Amino acid sequence: MAEIEELSPAGAAGPVSIRAPEDEIDDDEDEDLDETLAERLWGLTEMFPETVRTAAEVSAQCSVSLLKKFYSFSRSALWVGTTSFMILVLPVVFETERLQLEQQQLQQQRQILLGPNTGMSGGMSGMMPPAPGKI
């Protein structure tokens with residue numbers, strides 16, 4: 001690897017090689033691979049005081065509980081909202097659509113019976129001539 005010249009304790013200059021034995025490197029890598037992330041995090045909890053660990057545990061339990069309650073509430077609210085929309089709003093939408101369809105059919109019948117211009121103007125186009133100054 002790298003060789004560095006340093007003064008030895010005896011005062012004589014000479015090359016000193018700095019090397020790590022390869023078997024020590026392999027041992028370090030094996031130790032790191034055997035430990036999982038969960039085990040490492042569990043081991044890190046020991047560095048915090050008991051009060052901090054307890055507070056973290058309580059806050060995590062409260063967070064999970066609140067999340068479950070919020071999920072349950074949102075499911076219920078979605079169900080109530082959807083069924084209310086179907087019962088209160090959809091019949092009005094369907095009735096409005098049916099009335100528009102009837103009006104369109106009546107307009108088509110008038111257009112077929114009285115000619116193409118009657119469907120556009122409302123049925124009585126031949127009664128009054130247009131004003132001369134207005135277009």
Side-chain angles (χ1 to χ4, degrees):
M1 284 211 140
E3 292 187 6
I4 301 173
E5 288 190 25
E6 292 184 11
L7 293 176
S8 63
V16 176
S17 66
I18 302 173
R19 287 190 187 198
E22 291 185 19
D23 56 345
E24 286 181 20
I25 294 173
D26 291 338
D27 289 341
D28 290 340
E29 290 175 5
D30 291 340
E31 289 175 12
D32 290 341
L33 297 177
D34 291 341
E35 185 178 40
T36 64
L37 179 63
E39 290 171 344
R40 182 169 290 188
L41 290 175
W42 185 257
L44 287 174
T45 60
E46 294 174 356
M47 66 186 273
F48 295 108
E50 185 65 32
T51 56
V52 174
R53 286 185 277 179
T54 305
E57 182 180 356
V58 168
S59 66
Q61 288 175 352
C62 287
S63 297
V64 169
S65 175
L66 287 174
L67 189 63
K68 286 180 181 179
K69 287 179 183 178
F70 177 74
Y71 176 70
S72 175
F73 173 76
S74 64
R75 285 180 52 190
S76 299
L78 184 64
W79 173 254
V80 169
T82 303
T83 54
S84 298
F85 176 79
M86 292 173 110
I87 292 171
L88 298 173
V89 177
L90 282 181
V92 173
V93 170
F94 290 149
E95 190 64 25
T96 305
E97 189 70 29
R98 188 181 64 80
L99 288 174
Q100 287 178 354
L101 185 62
E102 283 181 8
Q103 288 177 355
Q104 188 178 13
Q105 287 175 349
L106 286 173
Q107 187 177 9
Q108 285 177 352
Q109 285 177 355
R110 272 193 229 140
Q111 191 175 11
I112 290 172
L113 291 175
L114 301 175
N117 290 336
T118 56
M120 299 288 183
S121 63
M124 303 246 188
S125 65
M127 297 292 267
M128 287 181 76
K134 296 181 180 177
I135 298 178

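We're numbering straight along the sequence, starting at 1. Because the structure is predicted, anything quoted here is derived from the model rather than measured.
Summarising the local packing, CD of Glu102 is surrounded by more than 12 heavy atoms from other residues, nucleotides or ligands at distances under 6.0 Å.
Here the straight-line distance linking atom CG of Leu106 with atom CD of Gln111 works out to 12.5 Å at 0.5 Å rounding. A distance of 14.5 Å separates NZ in Lys69 from OG in Ser74, rounded to the nearest 0.5 Å. Here the CZ atom belonging to Arg98 is positioned 11.0 Å from the CD atom belonging to Gln103, to the nearest 0.5 angstrom.
Considering only heavy atoms from C-beta on, Ser65 stays 4.5 Å or farther from Gln61 through its side chain. Leu101 is listed as a side-chain neighbour of Gln104, based on a closest heavy-atom distance under 4.5 Å.
Screening Phe73, Tyr71, Trp79 for a side-chain contact (heavy atoms from CB on, under 4.5 Å) with Arg75, the sole residue that qualifies is Tyr71.
Grouped by direct or indirect side-chain proximity (heavy atoms under 4.5 Å, Ile/Leu/Val/Met/Phe/Trp/Tyr only), Val52 sits with Leu37, Leu41, Leu44, Met47, Phe48.
If you chain together hydrophobic residues whose side chains sit under 4.5 Å apart, Met86 and Val93 fall into the same group.
Between Glu39 and Glu35, the closest heavy-atom pair is OE1-CA, 3.5 Å.
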